[in-house]
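Given the structure is predicted, the values throughout are model-derived calculations rather than measurements. Chain letters run A, B, ... following the sequence lines, proteins first, then strands; residues in each count from 1.
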There are 2 protein chains.
Amino acid sequence: MARDSQDTRRRILEAATAEFAERGIAGARVDRIAASAGCNKSLLYTYFGNKDRLFETVFDSLVAEMVTAIPIDTTDLAGYAGRLFDRYCTHPEVVRLALWDRLERDGQGMRVAGIVAAETAKAEALARAQGDGSVSALLSPADLLAAITLVTSLWPLMQPHDESPSPARLAEMRTAVTAIVSRLTGPGPAH
Amino acid sequence: MARDSQDTRRRILEAATAEFAERGIAGARVDRIAASAGCNKSLLYTYFGNKDRLFETVFDSLVAEMVTAIPIDTTDLAGYAGRLFDRYCTHPEVVRLALWDRLERDGQGMRVAGIVAAETAKAEALARAQGDGSVSALLSPADLLAAITLVTSLWPLMQPHDESPSPARLAEMRTAVTAIVSRLTGPGPAH
DNA sequence: CGTAAGTAACTAACCGGTTAGGAAGTATAA
DNA sequence: TTATACTTCCTAACCGGTTAGTTACTTACG
């Protein structure tokens, strides 16, 4: 077996991501992560300090990437929502990690400077779009962003059977999500 | 100390609710529940079997009550959403328990017959309201119900600082939630 | 007394974290 | 080239505290 500390770190992070996403911090087992990464448990401590710091590392790298992966498009927010939904569907670990973070660490992970800055920038873009009238001002920019995030990331959570929906069902869900965002951002009702 | 097994059961359930809501199943400590209930740990086993069955009992009684507490009013869905929001705000343990259930038990607790039946009934009421045109058919009945539940229960989760929002902030959030539901259920955009 | 309610003490397994040291590679110097 | 010293990467074994669950026993009440 080749000795490569960088690769070992990567394997540990990969194993930790899966374990934490499935079981959370309290439910995760350090021995299981080490076994799954194919290395000794103590390496996990030399490289990442302890269980909590390992979770932090996993969380920061994954969620930071997610939050910047898809640029906001204020000229087509329904399309933006659809792309967000797609990404959350193909990366369900990220959603689960964010939920664990909220429940077990009071959302500490979401209060990192990078994430806050990215969200602020998106809210400002929404504010500009509302200013020129291309997006409904029904909600404040922050609330509209919250609504889009809520619906796109947690919609699958509301469905009765969570596990591996069929492509057809997935398309249905996507349609519902984009319809919701379209209605929230489009012009108001006729009267 | 008076000997009252019914009251002891109640105290255990109360303590278990708080402990499970805060820490989840894996994070909850049986000793802490017993101490908080002011009784011996073994009583918890004689009355409820084991840790998991205790969670089930807590979950079933709490969520079943929540799901039937507020009758749906298809003539004023925004008002209905507001009342749901109020109740979720005054009973945050229920929301947290439902999230723990989703993450740690794959949503097993939500698949109880009573809950499923109540949700089906609500969806049917929505279908009727859509049939007579009083509610927008933008979303399917099930999706509309999911959207209302999602927004009313998890909206506070999307806010930056979770802990004890001021009454003013709470009112703002309530306004946003009812505005969303109103827009989703009201007539479509002007053209 | 007899039974239901309650307790203290215990156990076996688990789990996060540590430690002492070994194996493999690299630089140095004779 | 080769012996030596040193560094990096890694491991097996261990440790102390914790935790779910049990058991033998005591207490209060009808």
Name the residue closer to the 5' end of DNA chain D, choosing between B/Y45 and B/S42 according to the nucleotide with the nearest heavy atom.
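By nearest-heavy-atom nucleotide position, the 5'-most residue is B/Y45.
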
Can you tell me how far [atom2] of [Y] sits from [atom1] of [X], rounded to the nearest 0.5 angstrom?
X: B/F85; Y: B/R174; atom1: CZ; atom2: CZ; result: 8.0 Å
X: B/K41; Y: B/I33; atom1: NZ; atom2: CD1; result: 11.0 Å
X: A/T74; Y: A/L144; atom1: OG1; atom2: CG; result: 10.5 Å

Send over the distance from [X] [atom1] to [N] [atom2], rounded to a whole Å.
X: B/D31; N: D/dA20; atom1: CG; atom2: C1'; value: 8 Å
X: A/I25; N: C/dG16; atom1: CD1; atom2: C1'; value: 14 Å
X: B/I33; N: D/dT19; atom1: CD1; atom2: P; value: 12 Å
X: A/R53; N: C/dG17; atom1: CZ; atom2: P; value: 11 Å
X: A/K41; N: D/dC15; atom1: NZ; atom2: C1'; value: 10 Å
X: A/R9; N: D/dC10; atom1: CZ; atom2: C1'; value: 14 Å
X: A/Y47; N: C/dG17; atom1: OH; atom2: C1'; value: 17 Å
X: B/L54; N: D/dG21; atom1: CG; atom2: P; value: 10 Å

Could you check which of C/dT7, C/dA5, D/dC10 has an atom nearest any side-chain atom of B/N40?
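The answer is C/dT7, which lies nearest to the side chain.
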
Counting side-chain heavy atoms from CB outward, which of D/dC10, D/dG21, C/dG6 is closest to B/L43?
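So the side chain of B/L43 is nearest to C/dG6.
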
Take the C1' atoms of the five end pairs on each side of the helix from C/dC1-D/dG30 to C/dA30-D/dT1, derive the two axes, and give their angle rounded to 10 degrees.
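Between the axes fitted at each end of the helix from C/dC1-D/dG30 to C/dA30-D/dT1 lies an angle of 10°.
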
Quick one: side chains of residues 54-61 of chain B, donor-acceptor pairs under 3.5 Å with protein atoms, not counting sequence neighbours, listed by atom name and distance.
residue, atom, partner, partner atom, Å
B/T57, OG1, B/R53, O, 2.8
B/S61, OG, B/T57, O, 3.1
B/S61, OG, B/V58, O, 3.0

Got a donor-acceptor pair under 3.5 Å from the side chain of [X] to the base of [N]?
X: B/K51; N: D/dG21; result: no
X: B/R29; N: D/dT18; result: no
X: B/N50; N: D/dA20; result: no

NA contact type, A/A28, heavy-atom cut-off 4.0 Å: base, sugar-phosphate, or nothing?
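Sugar-phosphate: the residue A/A28, judged by heavy atoms under 4.0 Å, touches backbone atoms but no base.
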
Is B/T46 touching bases, backbone alone, or none of the nucleic acid, heavy atoms closer than 4.0 Å?
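Since no nucleic acid heavy atom lies under 4.0 Å of B/T46, the category is nothing.
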
Does A/T8 make a side-chain N or O approach to OP1 or OP2 of D/dC10 shorter than 4.0 Å?
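Checking A/T8 against D/dC10: at least one side-chain N or O falls below 4.0 Å of OP1 or OP2.
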
State plainly whether the residues B/R96 and B/E93 are in salt-bridge range, i.e. N to O under 4.0 Å.
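No, no charged N to carboxylate O under 4.0 Å.
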
If only atom types and distance count, is the side chain of A/S134 paired as donor or acceptor with the main-chain N or O of A/A129 below 3.5 Å?
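Confirmed, A/S134 side chain pairs with A/A129 backbone.
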
Determine which pairs satisfy ring pair (Phe, Tyr, Trp, His ring centres under 6.0 Å) with at least one residue from residues 22-46 of chain B, sequence neighbours left out, and list them in order.
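Every candidate ring pair (Phe, Tyr, Trp, His ring centres under 6.0 Å) pair involving residues 22-46 of chain B fails, so no pair, neighbours aside, qualifies.
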
